[in-house]
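Scroll down for the structure; my scribbles are underneath it.
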Amino acid sequence: MVSERRTARMLDGLRERKWWNMGFGVRWTLHGDGRTPAPGAVVRPDERLSWPRTAGLGAQHVVAMFGASFVAPVLMGLDPNLAIMMSGVATAIFLLATRGRVPSYLGCSLSFVGVAAAIRAGGGDSAVVTGAVFVVGAALFLAGVAVQRFGARIIHAAMPPVVTGAVVMLIGFNLAPVTAATYWPQDQWTALLTMLFTGLAVVCLPGFWSRIAIFLGLVFGYTISWLFDLLFGRIHSPMGGPEAVDHWRLDLSGVGKAEWIGLPSFHAPAFEWSAILIALPVVIALIAENAGHIKAVGEMTGDPLDDKLGTAIAADGAASMLSTAVGGPPNTTYSENIGVMAATRVYSTAAYWAAAGFALLFGLCPKFGAVVAAIPGGVLGGITVILYGMIGLLGAQIWLNGRVDLRNPLNLVPAAAGIIIGIGGVKLQITDSFELGGIALGTIVVITGYHVLRHFAPAHLKAREPLLDSGTSAYDEGETGLGDQDTRP
């Protein structure tokens, strides 16, 4: 009998370890008292706060990505409720694949909005769009397998710190026109007040409250919009288009019409070579986004994640394949959630599991989707000013940590050109039905520009000698291995 009980306890222990190791990937330890982290402390991926606080942070991550994750599928002509549901599934796949080491949320990729528009302009429907993107997901999966097989060195060889920093920067700042042209003009005063409140909340509120400042900013903006409607009536402003119209700041009419429980709209993909060829170049941007995300998260958490780069890329590709196979949009590591982590300093993957669960449930609730879709544009304007700026400045942090010398034209020229292309939305028309622009074109310019220039550059620039004599850098201090040699022409 004793032996049977011992055997049963051993089996239970094995099951528990298997659940944690193969299921969630990590067993979280409680951070401090689980309530208020110490000043300046971070909650690491393998730590968590109390479960109610962890759930609240998960909800904040879901709210942070709702704007883009609802807008992107609408622009692509796909079901936003399916998008939010599959973002939860994709996040779970990603956390399982990376075994809980990489805090990340996978939401609908904005890189495909232009691709979807081009495919639809050529006569393709939603099935053709998702079919083309399914192939992109497969290509991304294979790229991740290659990185996992041959090591992160192939990514670092192609994307040294000057490149990854520039890519992260242009990904973040590329979102600036969305704020400036779409959200902010809808209600500039609500946007300004929301921005100020959120900034104060991040800096001034104590403990846990400062860590959910983004969510509090959204609640504040919702309330201000409701009060302004009561006090001043309708506002005359654009609603995402060029023409100004009279409208309520907070329009909840769609909430009453929506059902509480309902399935999203599923459909199977269809495959056409013309559409696939239009979509495939986006693989470059997705690899860059994933590499930038892994680099940024590694910098923030202090845990180098190079060994997880291939896994992360492959997981993103697999999640996108699954999503598009049922008619949803592709997914990518979400930059908005990097901003939330930077603001809260909570990197617990437990919060992301909570976020995945919320997203799955919310995807089954059209009424909740209607509530989120009703977030006033001015509120999103105030929030995204801070979030998108945080994302872009993480690229500068990569430069600082990598001691990138921007006085060297080999670093300066490709980064400058790629960032301006990415931020400004410069487009390159390849054929009548295919163009590159924004993040994709900026990424290509940074990567290819750096390596082409490096091939033709004189030796003293390859040795990273600074361009100007004034000032000092790591390279002036003998770290190039050149000692006191003067290699300037």
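Values in this document were obtained by computation on a predicted structure and should not be read as measured data. Side-chain atoms are counted along with the backbone in the values below, which use heavy atoms only and exclude waters and symmetry mates.
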Inset, instruction - Any chance you could lay out the side chain to side chain donor-acceptor pair (under 3.5 Å) test for Ser87 and Tyr105, step after step, and finish with the verdict? - result: CA-CA 8 Å; Ser87 74; Tyr105 194 97; 2.8 Å; yes
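- Put simply, the side chain of Tyr183 does not reach to within 4.5 Å of the side chain of Val385, judged on heavy atoms.
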Inset, instruction - Walk me through it: do Ile313 and Leu140 pass the test side-chain contact (heavy atoms from CB on, under 4.5 Å)? - result: CA-CA 7 Å; Ile313 294 173; Leu140 186 64; 3.6 Å; yes
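- Between the side chain of Ser323 and the backbone N or O of Pro329 there is at least one donor-acceptor pair closer than 3.5 Å.
- Minimum heavy-atom separation, Val162 to Tyr450: CG1-CE1, 3.7 Å.
- Taking all atoms of both residues into account, the shortest heavy-atom contact from Gly137 to Ser320 is CA-CB, 4.2 Å.
- Side-chain contact between Leu216 and Leu205 is present, with heavy atoms from C-beta onward closer than 4.5 Å.
- Looking at heavy atoms from C-beta onward, Leu96 lies in side-chain contact with Trp353 at the 4.5 angstrom threshold.
- Between Val404 and Pro161, the shortest heavy-atom contact is CG2-CB, 3.8 Å.
- Residues satisfying the side-chain contact (heavy atoms from CB on, under 4.5 Å) test with Leu200, not counting sequence neighbours, are Cys204.
- Two residues are said to be in side-chain contact when any heavy atoms from C-beta on lie closer than 4.5 Å; Phe220 and Val379 fail this criterion.
- If you take CD1 on Ile383 and CZ on Phe197, they are separated by 9.0 Å, rounding to the nearest 0.5 Å.
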Inset, instruction - Could you walk me through whether Ile224 and Thr194 pass the side-chain contact (heavy atoms from CB on, under 4.5 Å) test, one step at a time? - result: CA-CA 8 Å; Ile224 287 294; Thr194 302; 5.7 Å; no
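- Rounded to the nearest 0.5 angstrom, Met195 CE and Thr190 OG1 are separated by 12.5 Å.
- Taking 4.5 Å as the limit, some side-chain heavy atom of Pro414 sits within range of a side-chain heavy atom of Leu453.
- Test Val147, Val102, Thr98 against Thr311 for side-chain contact (heavy atoms from CB on, under 4.5 Å) and you get one pass: Thr98.
- Between the OH atom in Tyr352 and the CG atom in Leu106 there is a gap of 10.5 Å [rounded to 0.5 Å].
- Counting only residues at least two apart or in different chains, ring pair (Phe, Tyr, Trp, His ring centres under 6.0 Å) contacts with residues 124-145 comprise Phe134-Phe271.
- The structure places CG of Leu196 at 8.0 Å from CD1 of Ile386, a figure rounded to the nearest 0.5 Å.
- Of all heavy-atom pairs spanning Ala312 and Asn290, the tightest one is O-OD1, 3.8 Å.
- The CG atom of Asp316 lies 10.5 Å from the CD1 atom of Ile93; values are rounded to the nearest 0.5 Å.
- Counting all heavy atoms, side chain and backbone alike, Val163 lies closest to Ile447 at CG1-CG1, 3.7 Å.
- Taking all atoms of both residues into account, the shortest heavy-atom contact from Gly88 to Ala356 is O-CB, 3.4 Å.
- Among Ile276, Thr324, Leu78, the one residue that satisfies the side-chain contact (heavy atoms from CB on, under 4.5 Å) test with Val133 is Thr324.
- Between Met86 and Val89 the shortest side-chain heavy-atom distance falls below 4.5 Å.
- Considering CD of Gln148 and CG of Leu309, their distance stands at 8.5 Å, rounded to 0.5 Å.
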